[in-house]
Structure formats: structure tokens, C-alpha cells
Amino acid sequence: MGIKIYNSFSRQKEEFTPLERGRVKMYVCGITAYDRCHIGHARSAVVFDAVVRHLKHRGYHVYFIRNFTDIDDKIINRAKKEGIDTVTLATREIANFYEDMDALGVLRADVEPKATEHIPAIIALIETLIAKGNAYEADGDVYFSVRSFPSYGALSRRNLDEMRAGARVRPGEKKRDPLDFALWKASKPGEPAWESPWGPGRPGWHIECSAMSMKYLGPTLDIHGGGLDLIFPHHENERAQSEAATGKTFVRYWMHNGFVTIKGDKMSKSLGNFITIQEILEEHPPEVLRLFLLSKHYRSPLDYSPEALKETTAALDRCYNALNEAVHLSARTVKKHRPLSPELQEAVKTLKDLPEKFDQAMDDDFNTAQALGHIFDAVRALNRLNQQASKRPSALLSRPMEEGCKALINTAKVLGILQEEPGEYLRRRNLQILDAAGLKEEDILKEIERRNQARMKKDWEAADRIRANLLEKGIRLKDSPEGTTWSASI
RNA sequence: GGCGGCGUAGCCAAGUGGCUAAGGCGACGGUCUGCAAAACCGUUAUUCCCCGGUUCGAAUCCGGGCGCCGCCUCCA
């Protein structure tokens, strides 16, 4: 069985077959560079990153484009407010975007085009649309004529007549039909402008994506992705422009990710209820955010709360603890060759079966939630081996443990988690929490030393008091034959 | 008003006609431990918002309610 993708256009899961065998042409709408990215942007980026990773893992050569909108009204307004020019603003926010995305481990796209660097291609596309009678010029603006494209509304399931009933031409607009949208906007004095056959102006929002995607991928893309809120008007308009210009199918599989909500409401700039990626990463390892974003199916809404992130942290810690234990235990030299019990053989099998089960889940419309279920099953299996290795060591355990770790890490790579060295991850995470709580490691180590001296004297009361005091600060102690270790929890 | 989505355990969340309704967090009991922690084992939904219907069989399909959310203006 191959990969199935839910196509927003048909509203069905479809068998995925790219236009060219083994090659996937993919385009995802990137950000408008005017402000820091919030978790909603992170979701879109991480979800499609997982899609790209899985397609590659399944052997496809993926040619992936993700654009930057670096000129539009929001950028102009924000730049004006800050007293800087639009180029400075967009450049700064693109740098911020990379800072966030690199931290999250989101792979770079093959091409990351900017609208302002593709003005000639945009102008050429608009000229084609005018020549074909799908667009018209009015006083330096150019509009796309919605009624010239019969299947307008097909993607977002909108009825033109019903929409027309509520629509109005706003003062200052020179549209023939209220639903027509701008391909080119004449610039007002002082605004950034490019020369065009219709006078100085700038591209409309939607046309850039059509021009850039077709420039790099040709008239027909396999996959076009973006947030659910882009279906209308952005993707509807992209589709109309592109297909009107080429007469060919623009996109074969439309994919849209659901929103991040907060207390049930959509997280958005306009509502002001957003949390930036930067804010999250100050307090959490990047993989925690990734795991959180992939813990629910990509098309469903995902509700953010600090508690939810805390749960995710606990879950990821569990994985890293298992790996860390396994790494240490499997490195020990053991002479005894105890045979593995049926239960342990079952655990070995669970680890062995992980890659296949994981891939099956991912093949089914990138069901990351189900795929994670298999990861956690494998983690439990690994812990079983760990437990045996620590209590009743056997030389026969080392290999299954090493291979189990490898399977787990390789499999999780598609989701971009479990990619850090386990010991390092745990140590860094603990120190991050410690730092946030204003504590110092050396103080904790001193307390541990003091407690161990009490323990040597079997003064359990004193020892337990020290441990309880630390626990109040979120520091948990763990005694083992190798000594006492600490971990911090939020 | 038009279009669309969702409602599964204390919380989060897979599953969309037929094996024991995945998994995570939490809680409780057990093993281990000086006691803990971590880990493992077990318990935590005889039932999937409610009411009808189709079917040999429904959480899953259909009809009707109730509740929540989104898009229809910029938004990932």
C-alpha cells in the first residue's frame, strides 16, 4: 500500500501518486514577514516538515518550495509604525523565522523564494491573464475577474451568487465585480513600488504564490499546503489565477492543517491570544514543542495550554530516559547468557516491528498521533529490556537493546524527535528548569552529598528531610547503585 | 444567514461498519527500594453527547436534536 492523502479539494482520502514517478513537487505557503511567528505558524511548519520527511523516507525525491511574502499591506503598515522601511522589516522577520525554524529542526526548503525577487514573473503572469481575458486593468490596479473562471469557489465550496449578495465594492476600489481580487495594486506616494505596464505598484497577495510555484515547479504541483485559513480566499484565488493562465490543473493534492487554539479559540494575531515560538523555546526544549504539535492529527484543532506542554515534556522525558538507560546498560560487559523469556522476546519483537507500524500510520494521511502511539509502545518495550538488564543481566540483551535504540531513533527521525544524545538532552533540560527556578546545580550536589552522609549513618530521617526539601523546589532524587542523580520538573 | 469541522476515560488523543475501543498525562494498587524515585505489572470507557433509523452486526452509516469551534475581511 502506498501513501494516502486527504485532499481538501475532493474532501476525501486519496491514494497518492505523484505526476512524475518518484518525484514530488510540493509548495507550502510561508509567512508574511512582519512579526514574530507564533505556535500556529510552528504547527504548519512542523506538520509539513514531517510530511516532507516522510515522503523522503518513503523514497520520493521531494522538490519543496516554501515562500516568503515580503511585501504587502501588513508589512507596509508595520514598517510605517516602526519607522523603518519594508525591506529592513521583512529582512529582520525572515531572520527571526529562520531562528525559530532552525531551533525546531524544520528542514529548509529547496527554494525559499521572496515575492519582491519575482516581480518580472508576476508581471508576466498578470499579462497572460489580461491577454486571456481573465483580468483587467483599472486606474493602475489590475483585478482578476472571478466570473471569467467558471469553477471559482470549487476549492472552498462557495457559491458565487450567495457570496455576491453580501459583498460590496469598497470606496476607492475600481472592481467590476465585488468579488474580483487584486493582482496588482497601484502604489500610493511613499509606498514601495515596482515599474509595471500599468504604472508603479506592487503585486497582490495571491499572485506571488502562483507565479513562484509555477516558476519552480511548473504548471501542476503535486502537493500544495498551508493553514486551513488559507483555503479562502488565498488558495481559491491562487487556483483561479493559475488554472486560468495555464489551462491545466494547478494542484493535485491540497493539504490544509488545522489551527492551534487557546482555550478553544483560534490563536491569531488579530485576537491577540498568541504565544510566540520564541516564548515557548525559552522554557522548553524544541523537541517538546515538536512533539506537542504532532501529538494530534494535523487536520484537527490543537488546543495549547501550559499544562498540555507539561504533559508533553513528561512524555518526551520518558522516551529519553529509556534511551539513556538502554545506552548505559547495553554498554556493560555481561558474562552470563541467560535466555530471554517469552515476555522479553515479545518486547524485542515490538521494537523490531516499530518501523513498519510507524510507516503504516504515517502512510495513512500522516497520522502522527497513531505513529506516536507505536513509538511509545516501543519505549515501553525498551524499558522492559532495561529492567531485565539491570536486575538479571544477560549478554543476550545487549544487542536487542542497541538495535531497539537504533530503531527508535531512526523511526522518530521522521517526526524530528529523539534526535539528541539522550544524556545531553536530559542534562540540558534539567539545567534549563533549574536556571528558570533560580537554582544552582552545585547547591543541589552539596545537598545530595549531605544526604548521602546521613544515609551512610543510616540517619533516614535527616536524609528524607533533605530529599523532601529538594522535591519542594521541583528537584527529584534517584538513588541507584551508581550513586544519586537528580532531575528537575516544571 | 451560507459553507465546513468537532463532541471517545479525570485530562489529552487514535480508531470511521465485525479481532480485547491504540497511545500519552494523571490517579490508585503491586514488584523493586532503608523509604523513595525511575521502570515494569495491574486497575482506571461493557461503552464512544442525546434520541430514533439502516444492518446479522454501528463509536463508525442515515435522520433529528443539543453543545463547542472555524471560514465567509488580513490570518499558518
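Below, chain A is the first sequence line, B the second, and so on; all start at residue 1.
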My understanding is that a pair needs two contacts under 3.5 Å, Watson-Crick or G-U wobble. By that rule, which nucleotide pairs with [N]?
N	answer
G57(B)	none
C6(B)	G67(B)
C28(B)	G42(B)
U20(B)	none

Residues K473(A) and D443(A) bridged, charged N to O under 4.0 Å:
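Between D443(A) and K473(A) there is no salt bridge, as every charged N stays at least 4.0 Å from the carboxylate O atoms.
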Check this for me, if you would: do R428(A) and E287(A) make a salt bridge, where the nitrogen-to-carboxylate-oxygen distance has to be below 4.0 angstrom?
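No, no charged N to carboxylate O under 4.0 Å.
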Does [X] reach a base, just sugar-phosphate, or nothing at all? Heavy atoms under 4.0 Å.
X	value
K74(A)	sugar-phosphate
L230(A)	sugar-phosphate
H234(A)	nothing
G264(A)	sugar-phosphate
G258(A)	base
F48(A)	nothing

Looking at F366(A), does the NZ or CZ of R299(A) lie under 6.0 angstrom from its six-membered ring centre and within 45 degrees of the ring axis?
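Judged by the rule, R299(A) and F366(A) form no cation-pi pair.
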Test: R158(A) cationic atom under 6.0 Å from F232(A) six-membered ring centre, within 45° of axis
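Yes.
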Looking only at the aromatic ring of each residue, does the gap between the centers of F68(A) and Y98(A) stay below 6.0 angstrom?
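For Y98(A) and F68(A), the ring centres are under 6.0 Å apart.
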Expressed as a whole number of Å, how far does the [atom1] atom of [N] sit from that of [M]?
N	M	atom1	result
C50(B)	A9(B)	P	10 Å
A14(B)	A59(B)	C1'	12 Å
A13(B)	G26(B)	C1'	14 Å
C41(B)	U47(B)	C1'	25 Å
A76(B)	U20(B)	P	47 Å

Is the shortest side-chain N/O distance from [X] to OP1 or OP2 of [N] below 4.0 Å?
X	N	value
K266(A)	A76(B)	no
N321(A)	A38(B)	no
R384(A)	C41(B)	yes

On RNA chain B, check which nucleotide each of S487(A) and R157(A) is closest to and give me the residue with the more 5' one.
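Nearer the 5' end of the strand: R157(A).
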Could you say whether R11(A) or P301(A) is positioned toward the 5' end of RNA chain B, judged by the nucleotide with the nearest heavy atom to each?
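Result: R11(A).
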Looking at the side chain of [X], which of [options] is the nearest nucleotide?
X	options	answer
H41(A)	A38(B), A14(B), A76(B)	A76(B)
V260(A)	A76(B), G15(B), C40(B)	A76(B)
T32(A)	A13(B), A76(B), C74(B)	A76(B)

Any donor-acceptor N or O pair under 3.5 Å, side chains N452(A), R455(A)
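Yes, side-chain donor-acceptor contact under 3.5 Å.
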Pairing donors with acceptors under 3.5 angstrom, does anything connect the side chains of E208(A) and N67(A)?
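Yes, side-chain donor-acceptor contact under 3.5 Å.
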Assess whether atom CD of E356(A) is packed by more than 12 heavy atoms of other residues, nucleotides or ligands within 6.0 Å.
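Not more than 12 within 6.0 Å, no.
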If you count the non-hydrogen atoms of other residues, nucleotides and ligands that lie under 6.0 Å from CZ in R92(A), is the total more than 12?
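For R92(A), atom CZ is crowded (more than 12 foreign heavy atoms under 6.0 Å).
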For nucleotides 23-35 of chain B, read 5' to 3', which letter fits each nucleotide if B means a protein heavy atom sits under 4.0 Å from the base, S means only the sugar-phosphate is that close, and - means neither?
SBS------S-BB
Whole-Å distance between A38(B) C1' and L426(A) CG?
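Computing the L426(A):CG to A38(B):C1' distance gives 12 Å.
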